[in-house]
Amino acid sequence: MSVVEKGAARRRDSILKFAAGAVVAAAMAGVGASSALAANPPAPDEVHDQFFDWFVNATPGYLPSPFLTDSTANSVNAFLKTRPAGSPLAVKVDRPISNATANLIFNNPSYHISYVLGDVETDTINQVGRLVGQVRFVNGQNGRKTNSANAYIGEFGIQQIPNDITQPNNYGSQSGTHSFGGYNNGPYNSLNLNMSMPELYPGSGSYRNPAAGNSSAPNIRSALFNLPVIRVGEVAVNNAADERIVPYIARFNNWANEAFDSDRNPANGFKFVPGQAMPARFGLPAVSASDTTNQMLSRRDFATQVLHYRLRGANSYVLFEPGVDGYLQDQKRSDAKTGWTESHVDSIFDASDYKLLLGKDTDYKNGSNKNDINANIIVDGKLKSDEDAGSIFSGVYSLSLKRMDVLLSNQDDDDHSLTLPSKIAGFDLKTKTFDLDAGTSLLVEYKLSTSGLNKGWSVALQNVPFTAIENSRNHFGIPEPGTISLAAAMGFIGIARRRRPGQRDDESNPQPTPLPRHRAPSGLIGMNMSDDVYVLA
């Protein structure tokens with residue numbers, strides 16, 4: 001029994017069957033025509049304030065990244081040939097592909113792929129290793145390189161982290177299971193990847209949380225907010241200069257996570273309802289209604305969190321499901337983009353010498369830890385972990401611009417004073433302590449004087465970011481649509497793969513606008529269920 005996308009499944013079965021032989025022929029022709037190019041593969045085209053989404057869309061700033069399969073190879077090839085010169089080209093790969101398909105796309109003389117966004121869920125390590133070889137070599141293993149050999153290649157949940165401090169203690173035992181997001185630098189390095197793709201899904205079972213009884217955070221919302229931000233910083237301090245970080249992100253996703261199922265009954269689907277008490281079950285603690293009230297991340301929180309991701313080293317992102325009942329795809333894309341492109345921060349990233357507030361600059365103790373992940377903060381005069389404090393800061397500076405932006409967030413339900421390190425880049429902070437109300441964020445911009453009586457960092461301006469974005473924290477949190485038919489005790493029924501609901505495999509062939517239909521019922525599915533999805537009974 002499986003969830004099937006009506007339109008996508010039909011296309012997989014029928015697209016270009018009559019031209020199956022042409023795929024192979026075109027691939028071989030591409031190999032010969034690109035021999036000279038492949039001897040010296042071009043560098044990837046970098047994204048600049050450009051992003052990816054799991055779904056077909058026309059939102060400015062979001063780059064198309066069609067799903068590459070053996071069935072869609074020819075149409076993907078035709079589409080990629082139409083893209084403007086210099087535009088970063090990307091494909092998503094969620095299943096094994098043939099060498100003929102790989103050569104057609106990755107060794108094509110007309111273009112080169114810059115980003116390979118992997119999400120292979122079956123036999124993940126072996127199949128991702130095979131994909132890496134196919135992207136880089138004409139024969140899929142070694143020898144002559146393809147025209148896309150220098151592409152950034154990554155896979156969902158595989159990241160350059162030696163020991164992820166954000167995970168529950170037993171999470172590693174789930175390695176290889178459905179939607180596992182905790183592969184560390186062992187698989188990353190052995191697979192010869194060059195792009196980390198950490199899973200940044202608040203509500204995921206890959207993070208600790210008070211709702212699961214395994215986090216010291218003061219409230220549910222602060223753990224939802226802070227731990228994904230910390231995870232990006234863990235990757236950044238371990239990343240090489242020629243590697244990239246492009247996480248999978250969402251506002252919320254409680255896929256198969258009983259800790260965020262308010263009635264703790266997986267048989268009727270997973271839904272987190274702020275303001276509703278959660279009973280003790282499956283070894284999980286009871287949570288009172290008062291402790292779930294206002295604990296969903298708001299749209300404004302999500303935009304702020306995305307800005308933290310950028311300030312912690314993310315180079316772009318792949319957006320997945322909205323994850324909140326009634327939250328629309330366009331709203332999701334707009335909020336994430338708004339957070340990433342905040343104008344003060346964005347202008348500092350334009351400087352060639354920008355530097356993130358990680359490493360020595362954020363080491364409160366003695367400023368010697370070059371790999372400090374910035375997971376501590378002084379709150380009310382005491383040094384605490386970000387998790388314990390419910391608060392966090394991130395930032396970026398440029399000595400050539402003599403400017404620094406610091407984003408502070410207090411997601412606790414109590415007011416706090418937050419204190420930054422005394423020195424950044426060797427210069428004193430003239431003002432380093434800020435009072436933040438409960439559940440608020442503050443963006444502080446400093447200017448630098450390098451000599452004279454005013455030598456050091458002085459506050460130039462401060463503001464509460466993204467106040468135009470809605471801030472309700474009581475919307476219902478849901479997983480991706482289509483994962484609602486889960487039997488008790490994780491006996492999955494009616495689910496074939498994590499990311500198939502509503503998927504359109506070929507972004508180069510957008511489908512006609514579907515005919516109007518009756519409004520879907522509110523609740524777990526709401527209006528998040530795509531028009532081309534049905535459940536196979």
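In this text, all values refer to a predicted model and were calculated from it rather than measured experimentally. We number each residue from 1, following the sequence as shown.
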For this session: Take Y171 and F180 through the ring pair (Phe, Tyr, Trp, His ring centres under 6.0 Å) test and state the conclusion after the steps.
Result: CA-CA 9 Å; Y171 186 65; F180 180 73; 4.8 Å; yes
For this session: Would you check if the side chain of N253 reaches a backbone N or O of P479 as a donor-acceptor pair within less than 3.5 Å?
Result: no
Exercise. Does the side chain of Y111 pick up a donor-acceptor pair with the side chain of N77 at under 3.5 Å?
Worked result: yes
Exercise. With a 6.0 Å cut-off on ring centres, are W54 and F67 close enough?
Worked result: yes
For this session: Using side-chain hydrogen bond (donor to acceptor under 3.5 Å, both in side chains) as the criterion, list what pairs up with T177, not counting sequence neighbours.
Result: none
Problem set entry | With sequence neighbours excluded, residues passing side-chain hydrogen bond (donor to acceptor under 3.5 Å, both in side chains) with S148 | none
For this session: With sequence neighbours left out, write down each residue that passes salt bridge (charged side-chain N to carboxylate O under 4.0 Å, His left out) with R130, or none if nothing qualifies.
Result: none
Problem set entry | D335 vs K337 side-chain heavy atoms within contact, under 4.5 Å | no
Exercise. Looking at residues at least two apart in the chain, or sitting in another chain, which of them share a side-chain contact (heavy atoms from CB on, under 4.5 Å) with N192?
Worked result: R136
For this session: Check side-chain contact (heavy atoms from CB on, under 4.5 Å) between P202 and all other residues, then give those that pass, not counting sequence neighbours.
Result: L224, P228, L297, Q305
Exercise. Can you tell me how far CG of L80 sits from NE2 of H112, rounded to the nearest 0.5 angstrom?
Worked result: 11.5 Å
For this session: Classify the side-chain pair D49/T341 by whether it contains a donor and acceptor separated by less than 3.5 Å.
Result: no
Exercise. If you measure only the distance, is there a donor-acceptor pair under 3.5 Å linking the side chains of H308 and N226?
Worked result: no
Exercise. Taking atom types as modelled, is there a side-chain donor on T72 or S75 under 3.5 Å from an acceptor on the other?
Worked result: no
Exercise. Looking just at side-chain N and O atoms, do E155 and T124 make a donor-acceptor pair shorter than 3.5 Å?
Worked result: no
Seminar exercise, completed: Closest heavy-atom pair, T69 versus D94, reported as atoms and distance to 0.1 Å, is CG2-OD1, 4.4 Å
For this session: Measure up the Y115 and F52 rings against each other and bin them: parallel (under 30°), tilted (30 to 60°), perpendicular (over 60°).
Result: tilted
Only pairs under 3.5 Å count here: list side-chain donor-acceptor contacts from residues 342-349, not counting sequence neighbours, and write none if there are none.
residue	atom	partner	partner atom	Å
E342	OE1	H344	N	3.0
E342	OE1	V345	N	2.9
E342	OE2	H344	ND1	2.8
D346	OD1	R310	NH1	2.6
D346	OD1	R310	NH2	3.1
S347	OG	S343	O	3.4
S347	OG	H344	O	2.8
S347	OG	R403	NH1	3.2
S347	OG	R403	NH2	2.9

Exercise. Taking only residues two or more places apart in sequence or in another chain, which ones pass salt bridge (charged side-chain N to carboxylate O under 4.0 Å, His left out) with R251?
Worked result: none
Problem set entry | Nearest-0.5 Å distance that lies between atom OG1 in T166 and atom CG in N209 | 11.5 Å
For this session: Describe, in one word, how the ring planes of F320 and F55 are oriented to each other, choosing from parallel (under 30°), tilted (30 to 60°) and perpendicular (over 60°).
Result: parallel
Problem set entry | Residues forming a side-chain contact (heavy atoms from CB on, under 4.5 Å) with A314, sequence neighbours excluded | V232, P247, Y309, W340
Exercise. Okay, side chain of Q50, backbone of V47: is any donor-acceptor separation there less than 3.5 Å?
Worked result: no
For this session: Mind checking side-chain hydrogen bond (donor to acceptor under 3.5 Å, both in side chains) for D353 and listing every partner two or more places apart, or none if nothing turns up?
Result: S398, S400
For this session: State which residues pass ring-ring contact (aromatic ring centres under 6.0 Å, His included) with F466; sequence neighbours excluded, sorted by chain then number.
Result: none
Problem set entry | Any donor-acceptor N or O pair under 3.5 Å, side chains N103, Q134 | no
Exercise. Does D164 have any salt bridge (charged side-chain N to carboxylate O under 4.0 Å, His left out) partners at least two apart in sequence or in another chain, and if so, which?
Worked result: R231
Exercise. So, S206 and Q167: side-chain donor and acceptor under 3.5 Å apart, yes or no?
Worked result: no
Seminar exercise, completed: Residue set satisfying side-chain hydrogen bond (donor to acceptor under 3.5 Å, both in side chains) with Y62, at least two apart, ordered chain then number -> Y317
For this session: Check the pair N163 / E234 against side chain to side chain donor-acceptor pair (under 3.5 Å), numbers first and verdict last.
Result: CA-CA 9 Å; N163 181 34; E234 291 183 287; over 6 Å; no
Problem set entry | side chain to side chain contact (heavy atoms under 4.5 Å, CB included) evaluation trace for Y183 with S175 | CA-CA 7 Å; Y183 294 105; S175 178; 3.5 Å; yes
Exercise. Does the pair F252 and H475 meet the rule for a ring pair (Phe, Tyr, Trp, His ring centres under 6.0 Å), with working shown?
Worked result: CA-CA 11 Å; F252 187 80; H475 294 298; over 10 Å; no
